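What follows is a single structure, written as structure tokens, with notes after it.
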Amino acid sequence: MSSYFTDLAQQYIDGEWRPGTGSWDIIDFNPYDGEKLASITIATVDEVDEAYKAAARAQKQWAKTNPYARRAVLEKALRLIEEREQEITEVIIAELGGTYLKAGFELHLAKEFLRESIQWALRPEGKILPSPVDGKENRLYRVPVGVVGVISPFNFPFLLSLKSVAPALALGNGVVLKPHQNTPITGGSLVAKLFEDAGLPGGLLNVVITDIAEIGDAFIEHPIPKVISFTGSDKVGRHVATVCAANFKRSVLELGGNSAIVVLDDADIDYAVDAAVFSRYVHQGQVCMAANRVLVDRSIADEFTEKFVAKVKTLKVGDPSDPATVIGPVINSSQAEAISGVVDQAVTEGATALLRGATTDNLIEPSVLTGIPADSALLRQEVFGPVAFVIPFDGEDEAVRIVNDTPYGLSGAVHTGDVERGVSFAKQIDTGMFHVNDGTVHDEPLVPFGGEKNSGIGRLNGEGTVECFTTQKWISVQHGRSGFPF
């Protein structure tokens with residue numbers, strides 16, 4: 001077992017590693033074999049307060065620090081990730097049940113986003129704007145918001161913590177990070193250790209490992225953070241947004257999805273099968289962009305479905321530490337029960353199980369279902385596990401209607417032999433992101449990432465990141481003399 005699970009099983013507040021002072025412990029388990037990885041005494045409301053105050057103190061000097069010096073810290077953090085890649089991979093496998101394939105995918109993206117964050121230290125630009133008043137000069141400065149609170153999820157905790165933490169720091173902010181209780185090391189302590197070793201001044205980045213049962217809304221209600229960056233479910237996201245609005249702070253919400261991959265009648269069927277299998281089953285389907293629904297034109301549905309099921313049957317299920325494993329465990333027993341319940345409910349409602357996988361503890365073999373009733377609630381909700389719904393359709397108009405018939409709008413894809421036909425289709429979908437002749441699971445540093453409807457508010461990546469973690473300040477200078485009416 002990695003030493004990270006013993007060395008980093010603590011809070012990180014004001015540059016110090018220390019135990020929490022709560023009355024109970026979060027127990028960190030390996031979801032595959034149930035091994036106890038770590039026991040972490042939770043942080044209390046007082047420690048959340050200390051963390052925010054430390055970030056606010058340290059941020060004032062950090063904002064004044066030469067951006068080239070800020071950039072150097074992030075460059076060192078990137079080098080450390082590259083040097084420690086094998087160790088981090090082992091942590092992802094043990095704590096998340098992520099496969100080697102998934103760990104490599106997450107680390108590749110994490111490094112790409114950190115490379116881009118390095119550049120954000122030098123990106124903020126001001127403006128001088130004209131004025132209708134003679135002698136007046138309008139200066140528009142882009143400045144850090146101050147302190148950012150980050151709440152990261154369990155599915156891609158290393159990447160999705162870094163995705164907010166790194167640019168927020170690069171842009172001159174302090175940060176308090178609250179990782180998910182199931183991934184406190186990968187999503188929290190590990191990130192803090194990398195930045196500590198990279199020379200980040202103490203207090204700028206704090207990690208509090210805790211639970212809402214202990215702190216309630218203290219993390220998001222606290223008066224110091226001006227922005228809360230949350231990645232998680234739409235139910236919790238709605239609450240986060242409500243509390244933030246009531247406290248006059250900005251929320252950036254990256255929430256759930258119910259994406260569809262659509263195969264039109266002129267698609268390359270074999271390629272579409274490969275894209276659909278990856279889009280549904282990567283990381284056991286625990287991906288917000290995953291293709292819950294696979295829509296196929298009825299004229300090719302039989303051929304596509306036969307090949308789709310055949311490929312899914314080849315996916316190796318088991319120990320995530322085996323490099324050949326494609327599908328490891330879901331994160332915990334409650335998720336396993338929920339996914340099994342989805343399959344049972346679909347069959348009860350009249351669906352046909354073309355492939356019905358068994359559940360053993362947290363290991364869930366893939367399922368493929370078709371014939372789900374059109375009015376089933378299952379077609380409109382996020383399914384966070386290895387279950388695919390195959391839905392035949394008649395013509396593009398029906399496909400568009402089915403894809404949009406969900407409260408979510410995060411990602412999606414369409415396959416066709418005519419690229420412009422695909423783009424025309426994509427324009428009709430109410431979603432933040434859509435891909436032509438590709439999978440549904442994509443994230444790139446420069447391209448705005450986010451959803452519509454219940455899939456979130458705001459965009460990260462590219463210029464959207466600067467908008468999230470900075471604010472604009474108008475300073476006018478009167479070089480002459482203004483006239484006043486009294």
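The figures that follow rest on heavy atoms only: side chains count, while hydrogens, waters and symmetry mates do not. Quantities reported herein were computed from a predicted structural model and do not represent experimental measurements.
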How would you list, by chain and number, every residue that makes a ring pair (Phe, Tyr, Trp, His ring centres under 6.0 Å) with [X], sequence neighbours excluded?
X: F113; result: none
X: W24; result: none
X: F434; result: none
X: Y408; result: none

Side-chain donor-acceptor pair under 3.5 Å between [X] and [Y], yes or no?
X: D25; Y: S39; answer: yes
X: E95; Y: T186; answer: yes
X: D211; Y: Q181; answer: yes
X: D217; Y: H239; answer: yes
X: T416; Y: D266; answer: yes
X: N362; Y: N332; answer: no
X: N258; Y: R380; answer: no

Presence of salt bridge, [Y] and [X], under 4.0 angstrom:
X: E112; Y: R115; result: yes
X: E303; Y: K307; result: yes
X: D397; Y: R401; result: no
X: R421; Y: E396; result: yes
X: D28; Y: K36; result: no

Strictly distance-based, threshold 3.5 Å: is any side-chain N or O of [X] a donor or acceptor partner for the main-chain N or O of [Y]?
X: H283; Y: G285; result: no
X: Y52; Y: F219; result: yes
X: T99; Y: I327; result: no

Q.
I'd like to check the side chain to side chain donor-acceptor pair (under 3.5 Å) partners of S411; sequence neighbours left out, ordered by chain and number.
A. none
Heavy-atom count around [X] [atom1] within 6.0 Å, excluding the residue itself: above 12?
X: R298; atom1: CZ; result: yes
X: D361; atom1: CG; result: no
X: D302; atom1: CG; result: no
X: I27; atom1: CD1; result: yes
X: E87; atom1: CD; result: yes

Distance-only donor-acceptor hits, side chain of residues 151-162, under 3.5 Å, sequence neighbours excluded:
from: S152; atom 1: OG; to: S161; atom 2: OG; distance (Å): 2.9
from: N155; atom 1: ND2; to: Q286; atom 2: O; distance (Å): 3.1
from: S161; atom 1: OG; to: P157; atom 2: O; distance (Å): 2.9
from: S161; atom 1: OG; to: G187; atom 2: O; distance (Å): 2.7

Q | Test item: D405 and L379 side chains (from C-beta on) under 4.5 Å apart, heavy atoms | A | no
Q: Kindly indicate, with the supporting measurements, whether the criterion side chain to side chain contact (heavy atoms under 4.5 Å, CB included) is fulfilled by V262 and F393.
A: CA-CA 10 Å; V262 181; F393 63 85; 3.9 Å; yes
Q | Closest non-hydrogen atom pair, R250 against E467 | A | NH1-O, 2.7 Å
Q.
Run the side chain to side chain contact (heavy atoms under 4.5 Å, CB included) test on V342 and Q381 for me, step by step, so that the C-alpha distance in whole Å, both residues' side-chain angles and the decisive distance to 0.1 Å come before the verdict.
A. CA-CA 10 Å; V342 164; Q381 70 186 49; 4.1 Å; yes
